[in-house]
Amino acid sequence: MVETTQPVSMDEGVLTLSGGGVLVMVDARQGERPRIIYCGPELAGADPEQLKALAAWQYVDGSAGQERALTLSNELSTGTLAPAGLLASRNGEDWAIDLRVESVRSLEGPGVEIHCLDARTEVGANYTLLLDQSAGVLTSRTRITNHGDKELTVDWCAALCLPLDFRLSEIMGFSGRWAGEFQREEIGAFQGSYVRENMAGRTSHECFPGLILKTPDTNEAHGLACGFHLAWSGNHRLRVDRLPDGRCALQMGELLWPGEIRLAVGESYGTPDLLATWSNQGVGAVSRAFHAHLSGEVLDTRTASKPRPVHFNTWEAVYFFHDQSTIIDLAKLAASVGAERFVLDDGWFGARRNDKAGLGDWWVSPDVYPRGLHPIVNKVRELGMEFGLWFEPEMVNPDSDLYRAHPDWVLDAPGVDTIAFRNQLTLNLSKPEVADYLYEKIAALVDEYKIDYIKWDMNRDCHHPGGGAQTGGRAVMHLQTLAVYRLIDRLRDAFPNLEIESCSSGGGRADYGILRRTDRIWTSDNNDARDRQQIQKGASYFFPLRVLGSHVGPKKCHITGRRFSMQFRVASAIFGHMGLELNLAHESETDRAVLAEGIALYKKHRALLHTGAFHRVPSAPHANVVGVVSPSRAEAMFSYALLESRPRTAPDRLFFAGLDEARQYRVRIVWPGVDPSINQPSIVQSCDLMRKGTVFSGAALMQFGMQTPPLHPDSALIYHLEEA
Ligand code: GLA
């Protein structure tokens with residue numbers, strides 16, 4: 001353990017933040033360039049002078065004759081070998097900004113703010129560093145201020161430049177696509193740069209702003225690993241640079257459009273937050289730190305103690321074919337299987353009978369619902385469910401009353417053809433009148449119908465974010481992202497119980513920036529239970545189960561055309577925030593009964609699922625094994641999903657994780673409800689797993705493993721473990 005008893009200390013210009021198993025030391029002597037001495041897992045008795053001595057700069061032939069230390073911004077003045085973390089100038093001048101520490105102050109949080117100034121260029125930088133004492137996640141951000149008398153253009157400002165342990169040679173990046181979010185790409189050791197840039201104007205499906213780094217020997221449970229995430233819902237750049245001299249550095253920040261940030265005298269630009277954590281206990285510990293930080297520090301407390309209700313969402317049940325009696329019949333069926341919240345998706349407003357018209361016209365369609373939504377809302381409440389409504393506030397169809405009245409309310413690049421995208425354009429929310437219009441329309445509906453929940457969608461990339469004449473055509477993507485945040489915050493302030501889901505054609509806007517003001521993400525439009533196993537596993541590196549919307553879809557998946565049993569669809573939806581999105585009238589009575597049993601199982605165990613420590617269990621590619629263990633380690637739930645035919649004659653051995661080696665656990669299979677073994681007798685009978693179960697030690701379950709029964713592919717078992 002670090003001997004510092006204080007979470008933050010300042011001693012002879014060295015700032016130390018420690019807590020949650022993480023230690024950060026910054027050399028912040030007045031008049032010097034600020035630099036990180038150490039950031040990583042806690043170091044027993046760490047002494048900054050020793051660390052500096054151990055990392056002594058060494059002159060070698062052919063290199064600069066002095067050390068070029070990495071600073072918090074790696075400014076160009078440092079002669080940096082790593083890419084600069086700050087690129088700014090005054091019309092081509094003053095680019096050699098040289099930031100020196102002026103003052104340091106401690107913050108509640110706990111954390112520190114380091115105020116730096118370059119007296120020559122008159123550019124200031126404020127670095128904020130906060131360490132979550134319980135989760136061990138560092139939050140950092142930078143604010144650049146123009147103290148000069150001429151405009152300053154900021155082209156790039158990383159939230160922080162972090163040095164990395166060179167042994168972290170393996171990168172896990174996250175790519176994806178619509179209906180295939182959170183795909184992992186693993187890159188082995190390299191020399192040079194790994195760079196990912198996103199210009200989608202939203203967090204994006206293709207480039208999630210998160211990275212995991214590890215050593216070649218690190219696995220889920222052991223070894224050095226670290227994780228980084230940019231809490232931002234707009235454009236971003238992530239980069240890892242492995243330098244010729246053996247050092248390694250990371251930057252994440254907002255990717256700006258040309259000339260987007262021009263600071264007038266006295267103005268500032270603030271970066272999004274970069275979140276970082278380190279562990280010697282493998283990648284699993286990094287994910288658990290992120291989960292704990294999100295739950296403890298980022299998510300609003302309005303849902304902290306409220307069980308995550310089972311959703312019924314109308315989208316895949318009816319799409320745009322709304323009609324009062326159909327919807328009421330669906331609500332009755334939804335309630336009969338156990339749904340607790342009914343969400344009316346796209347198609348209820350304006351002229352929205354398909355995706356070509358109506359966006360922007362946020363009033364209940366008098367053609368479809370002549371009596372308004374009251375008959376539906378009343379029925380939903382009478383059935384004991386909450387009511388949720390779909391909106392896509394930032395968008396407008398050219399075929400809408402809103403666009404006809406205000407064609408100048410959209411983002412564009414004058415003289416350049418718009419890129420077609422789902423027949424819609426993006427409204428310019430940085431104009432106060434646009435944000436006010438949206439606030440008034442949404443708030444009126446929330447008030448009239450006492451809406452409990454909004455599914456907040458955003459279904460196009462933003463290619464040309466010009467702000468129109470008001471900004472001289474300048475790009476306003478930064479302002480737009482902040483304006484979206486402000487609009488949500490305004491609604492949340494006005495309606496303190498209103499919950500919001502962040503959807504963007506599925507998981508296109510899933511990040512900690514949006515989750516600071518929303519309660520759930522729609523993980524993917526793809527409800528294919530097999531694909532979902534992988535998508536949810538990818539999302540689990542950064543997101544806990546309680547925020548991952550996961551729905552039971554129709555028997556034949558609308559996106560992949562594959563068919564899955566109700567048992568498998570339920571098993572895949574239980575490990576998340578469970579919901580349903582299918583036409584229940586088209587399911588057989590038997591399947592509806594299975595679904596009702598699955599929902600009851602979710603309700604019984606959701607407290608464990610949503611507060612337990614999450615574990616990914618390494619498995620062969622044909623399987624997916626994940627589990628949660630209660631904080632006291634007295635209870636656990638694991639899911640074993642077989643996704644392909646098994647390669648060997650015998651089925652897999654399942655190795656549990658996160659249990660207490662010394663305790664005894666009674667193990668039972670709680671899903672599916674009937675013995676799934678395709679050959680009998682199997683371990684299901686020999687250990688009576690469907691009924692009384694059998695008691696085993698935590699050590700045996702984790703290190704010796706448990707035989708699984710023979711299963712068909714596309715089936716899953718859920719195990720429940722309880723201390724005996
Ligand atoms: C997006 C969402 C879907 C659904 C449709 C409605 O694609 O991801 O869940 O709400 O919009 O148009």
* To do: Please test Y449 against V364 for side chain to side chain contact (heavy atoms under 4.5 Å, CB included), starting from the C-alpha separation and ending with a verdict.
  => CA-CA 11 Å; Y449 293 106; V364 179; 3.9 Å; yes
Closest contact, heavy atoms only, [X] versus [Y]:
X	Y	answer
E392	R422	OE1-NH1, 4.5 Å
R353	W348	NH2-C, 4.3 Å
R202	N235	N-OD1, 4.4 Å
M385	A339	CG-O, 3.4 Å
N526	A179	ND2-O, 3.0 Å
A135	H293	CB-N, 3.7 Å

* To do: Decide salt bridge (Lys or Arg N to Asp or Glu O under 4.0 Å) for D345 and K455; before the verdict, give the C-alpha distance in whole Å, the side-chain angles of both, and the deciding distance to 0.1 Å.
  => CA-CA 8 Å; D345 210 284; K455 177 175 173 187; 2.7 Å; yes
* Asked: Between the side chains of S550 and R532, is a donor N or O closer than 3.5 angstrom to an acceptor N or O?
  -> no
Side-chain heavy atoms of [X] within contact of [Y], under 4.5 Å:
X	Y	answer
F575	V626	yes
H236	C207	yes
W671	H720	no
P393	I442	yes
L383	K379	yes
R592	L333	yes
H615	R288	yes
D346	W315	yes

* More than 12 heavy atoms of other groups within 6.0 Å of H712 NE2 -> no
* Within a reach of under 6.0 Å around NZ of K555, are more than 12 heavy atoms found that belong to other residues, nucleotides or ligands? -> yes
Just by modelled atom types, is the [Y] backbone N or O under 3.5 Å from a matching donor or acceptor in the [X] side chain?
X	Y	answer
R569	F564	yes
R460	Q424	yes
R302	P496	yes
H622	L642	no
D447	A443	no

Any idea how [X] and [Y] line up, ring-wise: parallel (<30°), tilted (30 to 60°), or perpendicular (>60°)?
X	Y	result
W409	H406	parallel
H311	Y453	perpendicular
Y602	H610	perpendicular
W522	H551	tilted
W390	W362	tilted
H229	F208	parallel

* Asked: Does a side-chain N-to-carboxylate-O contact under 4.0 Å join D452 and R341?
  -> no
* Which residue, F614, F182, F174, Y512, forms the ring pair (Phe, Tyr, Trp, His ring centres under 6.0 Å) with F542? -> F174
* To do: Starting from the C-alpha separation in whole Å, work towards a yes-or-no answer on salt bridge (Lys or Arg N to Asp or Glu O under 4.0 Å) for E340 and R606.
  => CA-CA 14 Å; E340 299 164 304; R606 61 185 152 191; 2.9 Å; yes
* To do: Starting from the C-alpha separation in whole Å, work towards a yes-or-no answer on salt bridge (Lys or Arg N to Asp or Glu O under 4.0 Å) for R486 and D489.
  => CA-CA 5 Å; R486 258 199 314 276; D489 291 345; over 6 Å; no
